[in-house]
Novice: 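Handing you this structure, nothing more for now.
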Amino acid sequence: METIYQGMYITVLIILALMLFACLIRAVKGPRIADRIVAVNMMGTMVMVMIAVLSLMLKEGFLVDICLIYAMVSFLAVIVISKVYIGVYEEKRHNHESKNKEIDVKGEETHGNT
């Protein structure tokens, strides 16, 4: 029975590794920042599952604690990346609106003088 469990654990780890590689490709290719953030979050979740499976396979309880710590770090990383992305987006939008206002003001000045 133990060999069946070991084979199942190894199979699950291989499948998760392939899925992790697919998420890595999505994180690199994009095309949008939101796609990359979701891919990074999914990669963190899959790594947590892999650590949990390793904990069962190796019969080591401390790996579950590492999995929980990794979950907290992964969550914080996604929150920070999201905040940075929102800040960059807001700054670009503000700069774009400022440029549009400047163009409108210059257009009215030149149009009013002729």
Side-chain angles (χ1 to χ4, degrees):
M1 191 67 157
E2 189 67 31
T3 57
I4 294 173
Y5 282 134
Q6 291 294 325
M8 184 180 66
Y9 292 148
I10 291 172
T11 304
V12 168
L13 286 173
I14 290 171
I15 291 170
L16 284 170
L18 293 173
M19 291 170 52
L20 192 68
F21 185 69
C23 285
L24 180 65
I25 291 171
R26 175 51 59 194
V28 170
K29 287 182 86 172
R32 295 176 295 174
I33 298 291
D35 296 329
R36 291 183 174 118
I37 291 172
V38 170
V40 168
N41 191 18
M42 188 181 287
M43 286 171 58
T45 302
M46 280 193 268
V47 168
M48 286 183 285
V49 172
M50 290 174 83
I51 292 171
V53 170
L54 278 173
S55 173
L56 288 172
M57 190 169 111
L58 301 174
K59 296 182 178 121
E60 297 290 341
F62 71 91
L63 288 175
V64 176
D65 297 334
I66 292 172
C67 183
L68 291 173
I69 292 169
Y70 187 84
M72 289 186 283
V73 170
S74 176
F75 173 73
L76 287 175
V78 169
I79 294 297
V80 167
I81 291 170
S82 297
K83 284 294 216 182
V84 168
Y85 171 65
I86 289 171
V88 168
Y89 173 77
E90 291 292 327
E91 184 178 335
K92 283 183 181 179
R93 190 176 76 178
H94 178 69
N95 289 340
H96 182 69
E97 288 174 358
S98 298
K99 288 180 183 179
N100 285 342
K101 287 181 183 177
E102 289 175 11
I103 292 171
D104 289 342
V105 169
K106 288 179 183 178
E108 288 176 4
E109 288 176 1
T110 57
H111 182 62
N113 290 339
T114 55

Novice: Please determine whether residues Met72 and Val40 belong to a single hydrophobic cluster, defined as Ile, Leu, Val, Met, Phe, Trp and Tyr linked transitively by side-chain heavy-atom distances below 4.5 Å.
Specialist: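 No, Met72 and Val40 fall in different hydrophobic clusters.
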
Novice: How close do Leu54 and Leu13 get, counting heavy atoms only, and between which atoms?
Specialist: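 What the structure gives for the nearest pair is CD2-CD1, 3.8 Å.
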
Novice: Search all heavy atoms of Ile37 against all heavy atoms of Ser82 and return the closest pair with its distance.
Specialist: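 Where Ile37 meets Ser82 most closely, the heavy atoms are CG2-OG, 3.9 Å.
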
Novice: For His96 and Lys99, run side chain to side chain contact (heavy atoms under 4.5 Å, CB included): C-alpha distance rounded to whole Å, both residues' side-chain angles, the deciding distance at 0.1 Å, then the answer.
Specialist: CA-CA 5 Å; His96 182 69; Lys99 288 180 183 179; 5.6 Å; no

Novice: Drop me the distance from Lys83's NZ to Ile81's CD1, to the nearest 0.5 angstrom.
Specialist: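 If I round to the nearest 0.5 Å, the distance is 14.0 Å.
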
Novice: Walk me through it: do Leu56 and Val53 pass the test side chain to side chain contact (heavy atoms under 4.5 Å, CB included)?
Specialist: CA-CA 5 Å; Leu56 288 172; Val53 170; 5.5 Å; no

Novice: Between Ile15 and Met50, is there shared hydrophobic-cluster membership here, with clusters defined by ILVMFWY side-chain heavy atoms closer than 4.5 Å?
Specialist: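 Same cluster.
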
Novice: Which heavy-atom pair separates Met48 from Cys67 by the least distance, and what is that distance?
Specialist: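 Heavy atoms only, the tightest pair is O-SG, 3.2 Å.
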
Novice: Enter the distance from Asn95:CG to Arg93:CZ here, rounded to the nearest 0.5 Å.
Specialist: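 With rounding to 0.5 Å, CG (Asn95) is 11.5 Å from CZ (Arg93).
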
Novice: Would a hydrophobic clustering, with Ile, Leu, Val, Met, Phe, Trp and Tyr connected at side-chain separations under 4.5 Å, put Val38 with Val78?
Specialist: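 Different clusters.
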
Novice: Going only through I, L, V, M, F, W and Y residues with side-chain contacts under 4.5 Å, is there a path from Leu58 to Tyr9?
Specialist: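 Yes, one cluster joins them.
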
Novice: For a quick test of reading the model, state the closest non-hydrogen atom pair linking Ser74 to Gly44 and the distance between them.
Specialist: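 Nearest heavy atoms, Ser74 then Gly44: OG-CA, 3.7 Å.
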
Novice: Is a side-chain N or O of Ser55 found less than 3.5 angstrom from the main chain of Ile51, in a donor-acceptor match?
Specialist: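 Side chain of Ser55 to backbone of Ile51, a donor-acceptor pair under 3.5 Å: no, none is there.
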
Novice: Count the heavy atoms of every other residue, nucleotide or ligand shown that sit under 6.0 Å from CE of Met42, and state whether that count exceeds 12.
Specialist: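 Open.
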
Novice: After noting the C-alpha distance and the side-chain angles of Glu90 and Ile86, does the key distance pass the side chain to side chain contact (heavy atoms under 4.5 Å, CB included) rule?
Specialist: CA-CA 6 Å; Glu90 291 292 327; Ile86 289 171; 4.2 Å; yes

Novice: Do other residues, nucleotides or ligands put more than 12 heavy atoms under 6.0 Å from the CD atom of Glu91?
Specialist: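 Counting neighbours around CD of Glu91, 12 or fewer heavy atoms of other residues, nucleotides or ligands fall under 6.0 Å, so no.
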
Novice: What closest approach, in Å, do Met57 and Ile10 show between heavy atoms, and which atom pair accounts for it?
Specialist: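 Met57 and Ile10 have their closest heavy atoms at SD-CG1, 4.2 Å.
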
Novice: Flag yes if Met46 and Met8 sit in one hydrophobic cluster, no otherwise; membership is Ile, Leu, Val, Met, Phe, Trp, Tyr, and two members link when side-chain heavy atoms are under 4.5 Å apart.
Specialist: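 Met46 clusters together with Met8.
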
Novice: Could you tell me the separation between the CD1 atom of Ile25 and the CG atom of Leu20, rounded to the nearest 0.5 Å?
Specialist: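 With rounding to 0.5 Å, CD1 (Ile25) is 10.5 Å from CG (Leu20).
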
Novice: Which heavy atom of Arg36 sits nearest to which heavy atom of Pro31, and what is that distance?
Specialist: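 The answer is NH1-O, 4.1 Å.
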
